Amino acid sequence: NSQEGAAAGDISALEEAFRKFAVHGDTRATGKEMHGKNWSKLCKDCHIIDGKNVTTTDVDIVFSKIKGKSVRTITFDQFKEALQELSKKRFKGKSDEEALQEIYKLIEGKGPGLTGVTKTVASPTVSRLTDTSKFTGSHKERFDASGKGKGRAGREDLVDNSGYVSGYKHAGTYDHKVQGNK
């Protein structure tokens with residue numbers, strides 16, 4: 001009975017890992033289905049692909065075989081089926097059940113890694129090009145003293161259309177002049 005409890009625990013940890021990988025990189029994903037790209041990522045990140053017994057090609061073939069003809073994703077049950085296929089290849093000397101447990105151990109509690117993801121580089125060239133205090137001419141006018149962009153006002157000559165004549169220098173002085181003469 002304790003073994004059944006352990007198996008149930010394994011499945012929930014496995015399902016949690018499945019969900020984490022299923023939603024990775026896709027804002028619309030629900031976590032119920034997994035795309036081929038995320039399946040490949042899971043296999044790489046959890047070291048199911050070892051380069052000898054299981055390669056990226058094997059992973060892709062198993063995914064294509066398990067998913068439906070017109071579907072592009074696999075469900076959790078299909079995911080377990082795919083793992084069963086791969087476990088036979090990955091752990092050749094072991095029984096099917098042992099191999100499956102081993103592959104579950106590789107995946108449990110893992111999430112998608114962010115290794116090799118592009119990071120911003122702070123090079124002197126980039127910082128020189130993006131330092132607004134060194135801008136000259138018309139480019140300088142697009143930023144205020146703090147270096148914050150002025151938006152549309154910095155890019156276009158906005159015309160003052162207030163009054164009878166646009167751009168009239170003495171706008172708002174009429175009342176002052178009329179009252180001054182009285």
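The figures that follow rest on heavy atoms only: side chains count, while hydrogens, waters and symmetry mates do not. Fair warning: this is a prediction, and the values are worked out from it, not measured in the lab. When a residue number appears, it is its place in the shown sequence, counting from 1.
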Heavy atoms of G31 and A22 approach each other most closely as CA-CB, 3.9 Å
Tightest non-hydrogen contact, residues N38 and F21, listed as ND2-O, 2.7 Å
Under the criterion side-chain contact (heavy atoms from CB on, under 4.5 Å), I'd like the reasoning laid out for K105 against E102: C-alpha separation, chi angles, the key distance, then a yes or no. CA-CA 5 Å; K105 280 182 195 159; E102 287 290 322; 3.9 Å; yes
One should read off an interatomic distance between L100 CG and S87 OG, to the nearest 0.5 angstrom, of 5.0 Å
Heavy-atom closest pair (A82 atom, W39 atom, distance to 0.1 Å) is CB-CH2, 3.7 Å
Q: Using the side-chain contact (heavy atoms from CB on, under 4.5 Å) rule, take L14 and K80 through it: C-alpha gap first, then chi angles, then the decisive distance, then the call.
A: CA-CA 9 Å; L14 185 71; K80 288 198 289 192; 4.2 Å; yes
Test item: M34 and L42 side chains (from C-beta on) under 4.5 Å apart, heavy atoms: yes
Sidechain-backbone polar pair: D50 side chain, R90 backbone, donor-acceptor under 3.5 Å
no
When rounded to the nearest 0.5 Å, the distance separating NZ of K67 from CD of E81 is 13.5 Å
Residue set satisfying side chain to side chain donor-acceptor pair (under 3.5 Å) with D96, at least two apart, ordered chain then number -> none
Checking side-chain contact (heavy atoms from CB on, under 4.5 Å) for the pair I107/I48: CA distance, chi angles, key distance, verdict?
CA-CA 8 Å; I107 297 168; I48 293 171; 3.6 Å; yes
Q.
Between D45 and K41, does any side-chain N to carboxylate O distance fall below 4.0 Å?
A. yes
> Would you say the side chain of F79 lies within less than 4.5 Å of the side chain of L83, judging by non-hydrogen atoms?
Replying inline: yes
When every non-hydrogen atom of C43 is compared with those of L86, the smallest separation belongs to SG-CD1, 4.1 Å
So CD of Q84 and NZ of K88: to nearest 0.5 Å the spacing works out to 6.0 Å
Between I66 and E85 the two heavy atoms that sit nearest each other are CD1-CG, 4.3 Å
The side chain to side chain donor-acceptor pair (under 3.5 Å) partners of D58 (sequence neighbours excluded) come to T55, K89
When rounded to the nearest 0.5 Å, the distance separating CZ of R72 from CD of E33 is 12.0 Å
For this session: May I ask you to test the F91-E98 pair for a side-chain heavy-atom distance under 4.5 Å?
Result: no
Q. Should F76 and V23 be counted in the same cluster of Ile, Leu, Val, Met, Phe, Trp and Tyr side chains packed under 4.5 Å apart?
A. no
